[in-house]
Amino acid sequence: ADGITELLLATKWRLWQTTGGKFNLSARLDLKLPTASRDRGLGTGNLDTGGVIIDTRCWGTTCLDWNAGYTARDASHSVFGDDHCFVGQAVRHDLAKGWTLIGETYALLPLSSGN
């Protein structure tokens with residue numbers, strides 16, 4: 001395809017961490033800017049925004065990540081019919097320096113505006 005796709009800006013904060021770093025609570029905020037050509041099918045032309053809460057628990061070189069979030073699609077309008085919630089579970093295991101094995105399962109839960 002000719003052109004660029006959407007631009008995603010994301011930031012993540014560690015909100016809380018136990019001594020030794022075995023349990024972390026983080027938050028991520030996303031902002032998708034409509035930079036791609038909608039006419040060429042490279043993007044939606046809409047501003048999307050979302051947030052995710054991430055709980056992480058580690059045992060040695062293995063960590064579990066629990067994720068829950070919300071995405072507002074086409075945030076420039078107050079119609080919530082295309083929005084969705086997100087839940088996920090991931091497991092990470094460090095195999096060697098620079099190598100990590102990751103498995104993840106997730107679900108996107110659509111919200112209905114009743115229209």
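Here the CZ-CG distance, from R73 to D83, works out to 8.5 Å after rounding to the nearest 0.5 Å. The distance from the CD1 atom of I54 to the NZ atom of K12 is 4.0 Å, given to the nearest 0.5 Å. In this structure, CG in D48 is found 7.5 Å from OG1 in T71, a value given to the nearest 0.5 Å. Here the CD-CG distance, from Q17 to N24, works out to 4.5 Å after rounding to the nearest 0.5 Å. Rounding to the nearest 0.5 angstrom, the gap separating the OG atom in S26 from the CZ atom in R14 is 6.5 Å. Expressed to the nearest 0.5 Å, how far SG of C58 lies from CG of D65 amounts to 7.0 Å.
Without hydrogens or angle criteria, K32 side chain to N46 main chain gives a donor-acceptor distance under 3.5 Å.
Annotation: side-chain hydrogen bond (donor to acceptor under 3.5 Å, both in side chains) contacts involving residues 96-107, sequence neighbours excluded, comprise D94-T100. Annotation: ring pair (Phe, Tyr, Trp, His ring centres under 6.0 Å) contacts involving residues 5-64, sequence neighbours excluded, comprise W16-F23.
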Apply the test side-chain contact (heavy atoms from CB on, under 4.5 Å) to residues L33 and L47: give CA-CA distance (whole Å), side-chain angles for both, the deciding distance (0.1 Å), then the verdict.
CA-CA 5 Å; L33 301 175; L47 173 72; 3.8 Å; yes
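A salt bridge links D30 with R28: the closest approach of a Lys/Arg side-chain nitrogen to an acidic carboxylate oxygen falls below 4.0 angstrom.
Residue V91 is grouped with residue W66 when hydrophobic side chains (ILVMFWY) are merged at heavy-atom distances under 4.5 angstrom, including chains of intermediate members. No path of Ile, Leu, Val, Met, Phe, Trp and Tyr side chains, each step under 4.5 Å between heavy atoms, connects L64 with I53, placing them in separate hydrophobic clusters.
Closest non-hydrogen pair, L7 versus T35, comes out as N-OG1, 3.1 Å. Taking each heavy atom of T56 and C63 in turn, the nearest pair found is CG2-CB, 4.3 Å.
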